[in-house]
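So that the names make sense, note that chain A is the first sequence line, chain B the second, and so on, each numbered from 1. Just so it is clear, the model here is predicted, and its values are computed rather than measured.
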Amino acid sequence: MALQNLKDFHRPGAVEEVLALLSENDEALVLAGGTFIRGLEARGLLNGLETLVDIRRLGLDTIRVDADGIEAGATATLAKLQRVVAAQNAAWLGGLADALDCPPLQIRNTATLGGCLAASCPFFDIPTALVALDTEITIRGSDGERRLPLPELFFGLFANALEPGELITGLSIPHAAGHSAGAFGKLGAHANVLAIVNVAVQLTVDGGLCSAACVALGGGVADTVVRSPAAEAILTGSKLDPAALAAAGEAVAGDIQPLSDHQASAEYRRAVAKVMTRRTLERAVARLA
Amino acid sequence: MKQMISLEVNGEAHELAVEKNATLLRVLRDQLGLNGPKRGCDSGGCGCCTVHVDGQAVYSCMCYALSYDGASITTAEGLAVDGELHPLQTSFIEAGAVQCGYCTCGMMMAAKQLLDECPRPDEEQIRQGISGNLCRCTGYAKIVEAVKMASER
Ligand SMILES: Cc1cc2nc3c(=O)[nH]c(=O)nc-3n(C[C@H](O)[C@H](O)[C@H](O)COP(=O)(O)OP(=O)(O)OC[C@H]3O[C@@H](n4cnc5c(N)ncnc54)[C@H](O)[C@@H]3O)c2cc1C
Ligand code: FES
Ligand code: FES
């Protein structure tokens, strides 16, 4: 049995209580949906853990949509965001909708947005889609509140940039300006598996030319989700014609440092990252029509 | 030290003393004797522990029981009403969608949420709805057929 040393299981009702518990005990672990934590436990990585702080009684599970975009609490589930995104049925949210289709039903119903991001796992899909949407997170600590653009949260493989005692309380997805569409693509061995490569793109057009482009890649193309400035530079100002999409696909190779693991070699990831980028761009362009 | 929680399981209220590290799956099987939810991988990879929490399908092996104090749980045992089998159960029998049966209860609970939200799913939607559930007897064709059949009852 794992977690054999667990002594305290807290279920606080206020953020201040969570912050107090975390500042008293820097070994305490925040528990949200628990789907990542249970995986760590099953691998025997939490045998010494003594304190869990469940944050799902804080009322941080609301999602609000308005003209400025989407504001979601950290403990809103993936399923809840999926329902909100489906109801919007908007091209600019196309990439997020695609990514939210990936995890199985049971995970969507349990996993939270804050947990999905704090895990800093480059093989997850939703973080890649949120990076392409310029998502910002809100963090609370004993010194107050701060905001962070999403890529800066990802510090390294399974390492986030939170200070000890800090909590993600929510995230904001700004409404894409102008005529914008997104798409997301995942290469995985089968439905219930982590990505070998995933790509999320966001394209905005104005007068037939691409006025803004974001290309984000995950799934082990680096230690964290990364953006590809080279691909974005090729797309911006282009007509988004097949040659530009192909060139952008080729360009991502220079912005990634792929990992080799049991799923795929670095060379394979590099090769498929180019193809996946081009195909995902094609999907986004189709949605702009 | 155990901690007390209350759970409503298949319509019945329970006050339970549970270990701090216990999963919902462990409480359902080992404390309440409900063997519908199965312990397969015990870490989120197979789906045979699927139950509903407040109407939503979850892997009960991924849930710490203490987090679910006050929740309403439905297991496969709760599908039949007054001895009358649920359409999913009848269809799984008629379609021959059960071989060893280890995945069956989890499959039905995943399919139940699908049918609750989408009463007439097409094959693609059915396959998507049960994508978090593995069947090692490779009975997917008949499982999909059974869910389709249940949707038509
Ligand atoms: C079978 C399976 C299939 C999956 N498939 C996919 C998939 O296809 N695509 C995909 O993108 N993902 C997939 N996932 C991953 C899933 O999205 C994550 O496990 C989940 O989002 C983690 O969220 P959680 O709420 O369960 O986090 P938890 O397990 O509760 O926590 C994760 C980590 O974040 C910390 N944490 C949690 N909340 C906060 C917070 N608010 N502030 C600070 N720290 C916090 C915790 O301490 C812990 O370290 C899958 C997982 C499983 C088990
Ligand atoms: S036992 Fe829960 S998913 Fe396998
Ligand atoms: S019937 Fe044996 S695992 Fe599905």
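Salt-bridge annotation for B:D42 and A:R38: present, with a side-chain N of the basic residue lying under 4.0 Å from a carboxylate O of the acidic one. Contact check on A:D101 versus A:R108 returns no salt bridge, with no Lys/Arg side-chain nitrogen under 4.0 Å from an Asp/Glu carboxylate oxygen. Salt bridge A:R269/A:D261: present, at least one basic N to carboxylate O contact under 4.0 Å. Salt-bridge check for B:E94 with B:R153: passed, with a basic side-chain N closer than 4.0 Å to an acidic carboxylate O. Using a cut-off of 4.0 Å between Lys/Arg side-chain N and Asp/Glu carboxylate O, B:K148 and B:D122 are scored as not salt-bridged.
With respect to chain A, the highest number of heavy-atom pairs below 4.5 Å among B:T23, B:V58, B:V53 belongs to B:V58. Ranking B:S43, B:C61, B:C63, B:A110 against chain A, the residue ahead of the rest is B:C61, based on heavy-atom pairs under 4.5 Å.
For A:L49, no part lies near chain B; criterion is any non-hydrogen pair under 4.5 Å. For B:T50, the part sitting under 4.5 Å from any heavy atom of chain A is the side chain, from C-beta outward, and nothing else. Only the side chain of A:R57 comes within less than 4.5 Å of a heavy atom in chain B; its backbone stays farther off. At a 4.5 Å heavy-atom cutoff, the contact between B:Q113 and chain A is made by side-chain atoms alone.
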